[in-house]
Amino acid sequence: MIGLFLYMQSRLFVLTVIVFYALSVHAQPFPFPGNYFRNPVGIPIELSANFGELRPNHWHMGLDIRTNAKENYPVYAAAEGYIAHIGIRPQSFGRFIIINHPNGLSTLYAHLNDFFPGLEEYVTAKQYEKESWAIELDFAKGQFPVTKGAFIAYSGNTGGSQGPHLHFEIFNTRTQKRLNPLLFDFFVKDDVPPNLVKLAIYDRNKSVYEQTPQFFNLKNTDSGYVIPKIPVIKTGFRRVSFALQAYDRLSGSNNPNGIYSAHIFKNDEAQLSFVLDSIDYDETLYINAHVDYKIRYNGGAFLQHLSQLPGDKCTAYRQINGDGVLELTDSIQQAIRIEVKDVAGNVSQLNFFIQYDDSLAVEYGHSSRTNVFAPNMVNMMDKPGFELYLPEGSLYDTVSPVYFVTAASLPYSFSDIHHAGDASVPLHEDAIVRLKLKRPVPAAGQDKLLILRSDRRGNSVRKAVWQEQWVSARFGGFGTFQIIADVTPPRVNDPGKGDTINLSAATRIIFSPADDYGIKSFRAALSSCTADILGYHCIEDSLSRSRWLRFTNDKSRNWIYRFDEQCPYGVHQLKVTIEDIAGNITVKEWWIKRFPYTPPPPKKKTGKKTNEKAKKSVKKKN
């Protein structure tokens with residue numbers, strides 16, 4: 001009986017821990033022990049970006065820890081566990097490590113330079129085995145165990161990083177949901193409340209995309225933020241919502257970080273809040289619903305909605321008394337309070353009154369609006385020569401479909417230019433577009449068709465899929481669409497001059513391939529002479545089997561190879577193969593030679609300058 005009692009007690013303890021974990025993910029301020037994770041770098045934590053900072057098309061999902069504008073600081077495991085995954089990605093995390101911990105959480109370390117020696121050697125071998133620089137590898141629990149504080153890598157500036165720093169994340173291993181690392185108490189000093197800049201008011205009898213909100217500047221006073229000289233906002237809108245321009249700062253820092261939470265109250269009754277304590281990568285695109293995307297697209301500031309748009313499924317919002325859209329059913333003044341907090345609990349508060357004024361009432365007309373694209377349903381556009389299909393989850397709010405067509409003038413265009421929708425309206429899921437060919441495509445271009453999408457921000461292309469006289473592709477936004485043929489192969493620079501390029505003094509080779517519409521793949525291989533070298537020339541034409549060379553492509557522009565054992569001293573044939581998005585291929589070959597290099601001795605000083613100075617001195621005296 002005693003054994004059974006102890007067993008039941010242990011099971012109850014485990015269940016209590018699980019329930020506490022589930023409930024505390026959304027708690028504040030610190031749902032987990034503050035000493036479980038250590039600082040992943042050996043210097044005091046200073047942040048250049050926090051969790052939830054607003055970024056184009058996503059929230060920032062971790063902390064950006066400064067490394068004094070330098071690379072190669074040691075990076076340490078934040079807690080014991082094992083390395084479960086590494087990745088090398090261009091224009092993203094660069095080189096990164098994921099560690100699984102026994103408490104059910106994982107940590108991620110990104111923009112790294114070299115991994116620790118054993119891991120670096122393993123990853124390099126796998127890259128050559130798979131003949132791919134970009135790589136993702138999973139590991140078993142016993143392969144690379146780590147203790148808390150173990151050295152795992154050097155900090156760097158790889159991937160999409162704009163400067164040396166360490167990107168650090170904490171997430172639930174099972175669900176992959178990212179958690180705000182500042183909830184784990186990394187002792188980052190913060191006694192500065194958030195800064196409130198502007199308030200925006202929307203007429204919610206119509207879509208947020210079919211209006212420009214009314215703006216009010218905010219002023220900080222001893223009693224909180226107010227709208228200067230406007231004791232009561234009078235409006236003709238029966239249904240209103242608000243958005244806020246705001247940011248947060250840490251003590252001793254001028255960096256504008258994202259705010260942690262905002263709560264809106266009407267007559268002291270809680271309406272809605274959003275809290276950035278946890279975000280899933282699958283839902284981070286919902287930031288385009290959380291902010292006024294149209295204002296931002298047109299060059300404005302980030303405005304964060306204090307209401308949840310109809311098509312927004314993000315869990316950052318907590319509806320308490322509705323979706324944040326307030327009904328003004330009478331002309332009585334309504335007291336509005338907005339509280340903005342950071343993780344440390346610092347609060348900024350905005351108070352104002354709003355009142356419906358019948359003399360300002362807005363006439364909406366009697367349009368049935370049957371020709372609209374609505375959220376939470378499939379929407380389609382069917383025009384001569386053009387079709388557009390929007391899946392159910394594509395839209396956040398109602399929009400009026402816009403369409404017109406113009407003639408294409410480019411000689412390599414094979415359709416009209418179809419203008420569909422407003423590019424300042426975001427899409428959560430890709431639209432499928434279909435265009436009809438307007439004229440026959442020459443045989444040379446039939447497998448080189450692309451669909452070109454354009455808007456004010458630039459162009460994007462997708463490989464076209466044939467469907468008889470129609471072609472189709474997926475795009476993440478509205479814009480203008482046309483069919484083009486790309487029969488021009490990629491271009492690439494020569495690595496040097498001469499029939500046999502001497503690279504003895506070089507430490508690396510750099511290629512910068514270019515194409516009108518984008519590079520799909522790059523491959524470089526080396527073949528060496530099988531005979532001895534005599535006078536820097538091959539005495540046989542026979543070549544050994546080609547070897548793949550590990551060219552890195554960290555920033556998506558240059559492909560860089562740093563000489564290693566794969567290119568020994570001697571004469572070699574270097575072959576580069578480049579393919580663009582349309583499928584055009586460029587193949588170029590060069591003979592290169594590489595031998596031990598001794599820098600020339602420094603030039604001896606002739607004393608000429610000294611003699612000239614002496615002459616000038618004598619002349620001056622005379």
Side-chain angles (χ1 to χ4, degrees), residues 13-15 17-26 30-42 45 51 60-65 74-89 92-127 134-156 158-159 166-186 277-284:
F13 173 77
V14 171
L15 180 61
V17 170
I18 293 173
V19 171
F20 172 75
Y21 176 85
L23 294 176
S24 62
V25 167
H26 294 300
F30 303 115
F32 297 102
N35 62 354
Y36 188 86
F37 293 113
R38 60 151 284 170
N39 179 352
V41 290
I45 291 181
F51 183 91
H60 190 240
M61 306 292 270
L63 304 179
D64 280 353
I65 301 174
V75 176
Y76 306 102
E80 71 166 309
Y82 68 96
I83 294 176
H85 184 86
I86 69 93
I88 299 177
R89 301 176 186 172
S92 177
F93 284 149
R95 297 166 65 91
F96 69 96
I97 289 174
I98 292 176
I99 298 177
N100 287 356
H101 305 286
N103 68 343
L105 300 180
S106 298
T107 48
L108 180 148
Y109 315 74
H111 306 308
L112 304 171
N113 282 344
D114 289 350
F115 304 132
F116 72 86
L119 181 59
E120 184 70 28
E121 182 179 349
Y122 183 93
V123 171
T124 299
K126 286 296 182 182
Q127 286 176 311
I135 197 169
E136 304 273 335
L137 298 173
D138 292 314
F139 302 106
K141 190 173 183 178
Q143 281 184 272
F144 292 103
V146 294
T147 57
K148 185 174 183 176
F151 167 67
I152 58 172
Y154 291 101
S155 69
T158 59
L166 174 70
H167 176 84
F168 177 70
E169 296 181 0
I170 300 175
F171 60 94
N172 182 307
T173 307
R174 181 180 61 84
T175 67
Q176 300 291 294
K177 192 135 188 165
R178 266 51 184 178
L179 308 175
N180 192 330
L182 292 180
L183 293 172
F184 292 80
D185 194 2
F186 280 97
D277 54 7
S278 60
I279 309 171
D280 196 306
Y281 268 102
D282 289 340
E283 63 180 352
T284 193

Discussion item. Please evaluate residues Phe168 and Phe37 with respect to the criterion ring-ring contact (aromatic ring centres under 6.0 Å, His included), reporting the C-alpha separation (whole Å), side-chain torsions for both, the decisive distance (0.1 Å), and the verdict.
Written reply: CA-CA 12 Å; Phe168 177 70; Phe37 293 113; 7.1 Å; no
Heavy-atom side-chain contact between [X] and [Y] under 4.5 Å:
X: Phe139; Y: Ile86; result: yes
X: Leu137; Y: Val123; result: yes
X: Phe96; Y: His85; result: yes
X: Leu166; Y: Pro40; result: yes
X: Ile45; Y: Leu63; result: no
X: Phe116; Y: Ile83; result: yes
X: Glu283; Y: Lys177; result: yes

Can you measure from [atom1] ([X]) to [atom2] ([Y]) and round to the nearest 0.5 angstrom?
X: Ile152; Y: Tyr76; atom1: CD1; atom2: OH; result: 10.5 Å
X: Gln143; Y: Leu119; atom1: CD; atom2: CG; result: 10.0 Å
X: Tyr154; Y: Arg95; atom1: OH; atom2: CZ; result: 12.5 Å
X: Asn180; Y: Asp277; atom1: CG; atom2: CG; result: 7.5 Å
X: Thr124; Y: Ile135; atom1: OG1; atom2: CD1; result: 9.5 Å
X: Ser106; Y: Asn100; atom1: OG; atom2: CG; result: 3.5 Å

Practice prompt. May I have the step-by-step check of side-chain contact (heavy atoms from CB on, under 4.5 Å) for Met61 and Phe171, ending in yes or no?
Written response: CA-CA 10 Å; Met61 306 292 270; Phe171 60 94; over 6 Å; no
Taking all heavy atoms of [X] and all of [Y], pick out the closest pair and write down the distance.
X: Thr107; Y: Ala78; result: CG2-CB, 4.4 Å
X: Pro102; Y: Gly81; result: CD-CA, 4.2 Å
X: Ala140; Y: Tyr82; result: O-CD1, 3.8 Å
X: Pro145; Y: Gly142; result: CD-O, 3.6 Å
X: Val146; Y: Ala77; result: CG2-CB, 4.0 Å

Worksheet item: Which one of Glu169, His167, Arg178 satisfies the side chain to side chain donor-acceptor pair (under 3.5 Å) criterion with His60?
Response: His167
Discussion item. Less than 6.0 angstrom separating the ring centers of Tyr122 and Phe144, yes or no?
Written reply: yes
Please say whether more than 12 non-hydrogen atoms of neighbouring residues, nucleotides or ligands are located less than 6.0 Å from [atom1] in [X].
X: Lys148; atom1: NZ; value: yes
X: Glu136; atom1: CD; value: yes
X: Phe93; atom1: CZ; value: yes
X: Glu80; atom1: CD; value: no

Fill in: Criterion side-chain contact (heavy atoms from CB on, under 4.5 Å) against Asp282, the qualifying member of Ile279, Thr284, Asp280
Asp280
Worksheet item: Judged by atom type as modelled, is there a donor-acceptor pair below 3.5 Å linking the side chain of Thr158 to the main-chain atoms of Leu112?
Response: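 Pair found, side chain donor or acceptor close to backbone of Leu112.
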Worksheet item: Hey, does the side chain of Thr173 reach the backbone of Gly104 with a donor-acceptor pair shorter than 3.5 angstrom?
Response: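 Yes, because the side chain of Thr173 sits within donor-acceptor range (under 3.5 Å) of the backbone of Gly104.
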Worksheet entry | Phe51 and Leu182: CA distance, side-chain angles, deciding distance, side-chain contact (heavy atoms from CB on, under 4.5 Å) verdict | CA-CA 8 Å; Phe51 183 91; Leu182 292 180; over 6 Å; no
Item to complete: Given side-chain contact (heavy atoms from CB on, under 4.5 Å), test Phe184 with Leu105 step by step and report yes or no.
Response: CA-CA 12 Å; Phe184 292 80; Leu105 300 180; 3.7 Å; yes
